[in-house]
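Report on one structure; see the data block that follows.
Bear in mind the structure is a predicted one, so any value in this text is a computation, not a measurement. Sequence lines set the chain letters: A, B, ... in the order given, protein chains first and strands last, and positions in each chain run from 1.
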There are 2 protein chains.
Amino acid sequence: MSRKYKKMKNSQLYKGSLNTIIMKLLEENGKMYGYEITQKVKAITQGELNITEGALYPALHKLEAEGLLDVEIEKVDNRMRKYYKLTETGQKENVNRLSELEDFIRNMQSLVNPSPKLEF
Amino acid sequence: MSRKYKKMKNSQLYKGSLNTIIMKLLEENGKMYGYEITQKVKAITQGELNITEGALYPALHKLEAEGLLDVEIEKVDNRMRKYYKLTETGQKENVNRLSELEDFIRNMQSLVNPSPKLEF
DNA sequence: CTATTATGTATAAGAATCTTATGTATATTT
DNA sequence: AAATATACATAAGATTCTTATACATAATAG
C-alpha cells in the first residue's frame with residue numbers, strides 16, 4: 001500500500017512508441033531492468049514522459065515472447081531485478097523500427113510544418 | 001461491392017496522432033471534407049500514411065461532439081460532402097496540440113538520438 | 001521508532017484508438 | 001458492362017495504454 005496517486009496522463013501522441021523506445025534504450029545501454037527504463041525515460045524527457053508499470057511490464061513480456069528480448073534475473077540488495085537485452089533478432093528489428101520512427105517523425109513534420117507556399 | 005483489398009498496416013507510431021493531424025489540416029485549409037483529408041495526408045506523406053475511413057469518420061464525429069469542429073453539408077455532383085472546420089474553441093485547442101506535438105517530437109529525438117557522450 | 005517514500009515486479013479492468021470488414025450510393029473510367 | 005474513384009457510415013475485434021491493485025524490501029523523514 002505505498003504507490004501514491006500519480007496522475008500522469010501522457011499525451012496520446014506517445015501511444016505506440018513504447019516498444020521503439022524500449023528497444024532503442026536497450027541497444028544503447030546493453031542491458032536494463034524495468035524500473036531503470038522508467039527512470040531513464042523520465043530523465044531524458046525532463047519528466048515529460050512517464051512510463052507506467054501497467055504499460056511497461058506487459059510490453060517487456062511481449063517483446064520477450066516475440067523473441068526480441070532476452071531476460072536475466074539478478075538479485076541486488078535482496079531485491080529482484082530482471083535485466084533485459086536485445087536478442088540478435090531484436091537488434092535487426094531495432095534497425096527497422098528506428099527507421100520507421102525516422103519516417104514517422106519526418107512525415108509528422110511535413111504535415112505540421114508544410115513548406116511555405118511560394119508567392120508570385 | 002467495390003472496395004478492393006487495401007492492406008495498409010500503418011506503423012503503430014501513428015496511433016494517437018490522427019486528431020492532431022486533422023486539426024492542423026483544418027487550420028491550414030479552412031475547411032475540408034473527410035475524403036479530402038485522406039487524400040491530402042496520403043499526398044503529403046508520399047503514400048506512407050493512409051488514414052482509413054474506420055478511423056477517420058469516428059474521429060471527426062468525436063471532435064465535432066467535443067465542440068472542436070463545425071460541420072456544413074454540401075452536395076456536389078449529386079454526392080454528399082460534409083465540410084469540417086475548426087470552431088473557435090478548436091482553434092485554441094489546436095495551438096495546444098501543436099505545442100504538444102513539438103514536445104513529443106523533441107522528446108522522441110532525444111530518446112533516439114541522444115547527445116553523444118563526451119570523451120576525456 | 002514508525003510512517004512514508006523509493007525501489008522493484010506483476011496483473012486485471014476498462015478506456016481509447018485503430019484495423020478490418022461491411023454497407024450504401026453516385027460518378028467516372030476502362 | 002464492369003471496375004474504380006468518390007463519399008459517407010458503423011460494427012467487431014485487436015492493440016496499446018491508464019488506473020488501480022497487489023506484494024515485497026530498503027531508505028528516509030517526522
Rounded to whole Å, how long is the line connecting atom [atom1] of [X] with atom [atom2] of [N]?
X: A:Leu56; N: D:dT15; atom1: CG; atom2: P; value: 19 Å
X: A:Asn19; N: D:dT16; atom1: CG; atom2: C1'; value: 9 Å
X: B:Leu18; N: C:dC18; atom1: CG; atom2: P; value: 5 Å
X: A:Ile51; N: D:dT19; atom1: CD1; atom2: P; value: 15 Å
X: A:Ile37; N: C:dA10; atom1: CD1; atom2: P; value: 12 Å
X: B:Ile21; N: C:dT17; atom1: CD1; atom2: C1'; value: 13 Å
X: A:Gln12; N: D:dT19; atom1: CD; atom2: C1'; value: 14 Å
X: B:Glu36; N: D:dC8; atom1: CD; atom2: C1'; value: 14 Å

Ring of B:Tyr33, cation from B:Lys82 - is the NZ or CZ under 6.0 Å from the centre and inside 45° of the axis?
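Checked: cation-pi criterion not met.
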Under-4.0 Å salt bridge between A:Glu66 and A:Lys62:
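Here A:Glu66 pairs with A:Lys62 in a salt bridge, since their nearest N and O are under 4.0 Å apart.
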Any side-chain to backbone donor/acceptor pair from A:Asn10 onto A:Asn50? Under 3.5 Å, distance only.
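Checked: pair present.
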Between A:Thr87 and A:Leu68, is there a donor-acceptor pair closer than 3.5 Å when you use the side chain of the first and the backbone of the second?
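Yes: the side chain of A:Thr87 pairs with the backbone of A:Leu68.
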Reckon [X] has a side-chain N or O less than 4.0 Å from the OP1 or OP2 of [N]?
X: A:Lys62; N: D:dT16; answer: yes
X: B:Tyr35; N: D:dC8; answer: no
X: B:Asn10; N: C:dC18; answer: no

Identify, residue by residue, the members of residues 76-83 of chain A with a heavy atom below 4.0 Å from DNA chain D, and return them in order of residue number, or none.
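Residues of residues 76-83 of chain A that come under 4.0 Å of DNA chain D are, in numerical order, A:Asp77, A:Asn78, A:Arg79.
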Candidate pair A:Glu36 and A:Lys40, rule salt bridge (charged side-chain N to carboxylate O under 4.0 Å, His left out), full reasoning
CA-CA 6 Å; A:Glu36 187 184 11; A:Lys40 190 79 168 177; over 6 Å; no
Taking any heavy-atom pair under 4.0 Å as a contact, classify B:Thr38: base, sugar-phosphate, or nothing.
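The residue B:Thr38 makes no contact with any strand.
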Check every strand shown and say whether A:Lys75 touches a base, only sugar-phosphate, or nothing at a heavy-atom separation below 4.0 Å.
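It contacts nothing in the nucleic acid.
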Find out if a path of hydrophobic residues (ILVMFWY) with successive side-chain heavy-atom gaps under 4.5 Å connects B:Val71 to B:Ile21.
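Hydrophobic grouping puts B:Val71 with B:Ile21.
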Protein N or O to nucleotides 10-13 of chain D N or O, pairs below 3.5 Å:
residue : atom : partner : partner atom : Å
D:dT10  : OP2  : B:His61 : ND1          : 3.4

Name of the residue among A:Ile51, A:Leu63, A:Val41, A:Leu60 meeting side chain to side chain contact (heavy atoms under 4.5 Å, CB included) with A:Leu18
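Exactly one candidate clears the test, A:Ile51.
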Is there a side-chain contact between B:Lys15 and B:Gln12, using heavy atoms and a 4.5 Å cut-off?
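Yes, at least one pair of side-chain atoms sits under 4.5 Å.
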D:dA7, D:dT15, C:dT7: which one has an atom nearest the side-chain heavy atoms of A:Gln39?
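For A:Gln39, the side-chain atoms sit closest to C:dT7.
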A:Tyr14: which residues meet the ring pair (Phe, Tyr, Trp, His ring centres under 6.0 Å) condition with it, sequence neighbours left out?
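A:Tyr14 satisfies ring pair (Phe, Tyr, Trp, His ring centres under 6.0 Å) with B:Phe104 once adjacent residues are dropped.
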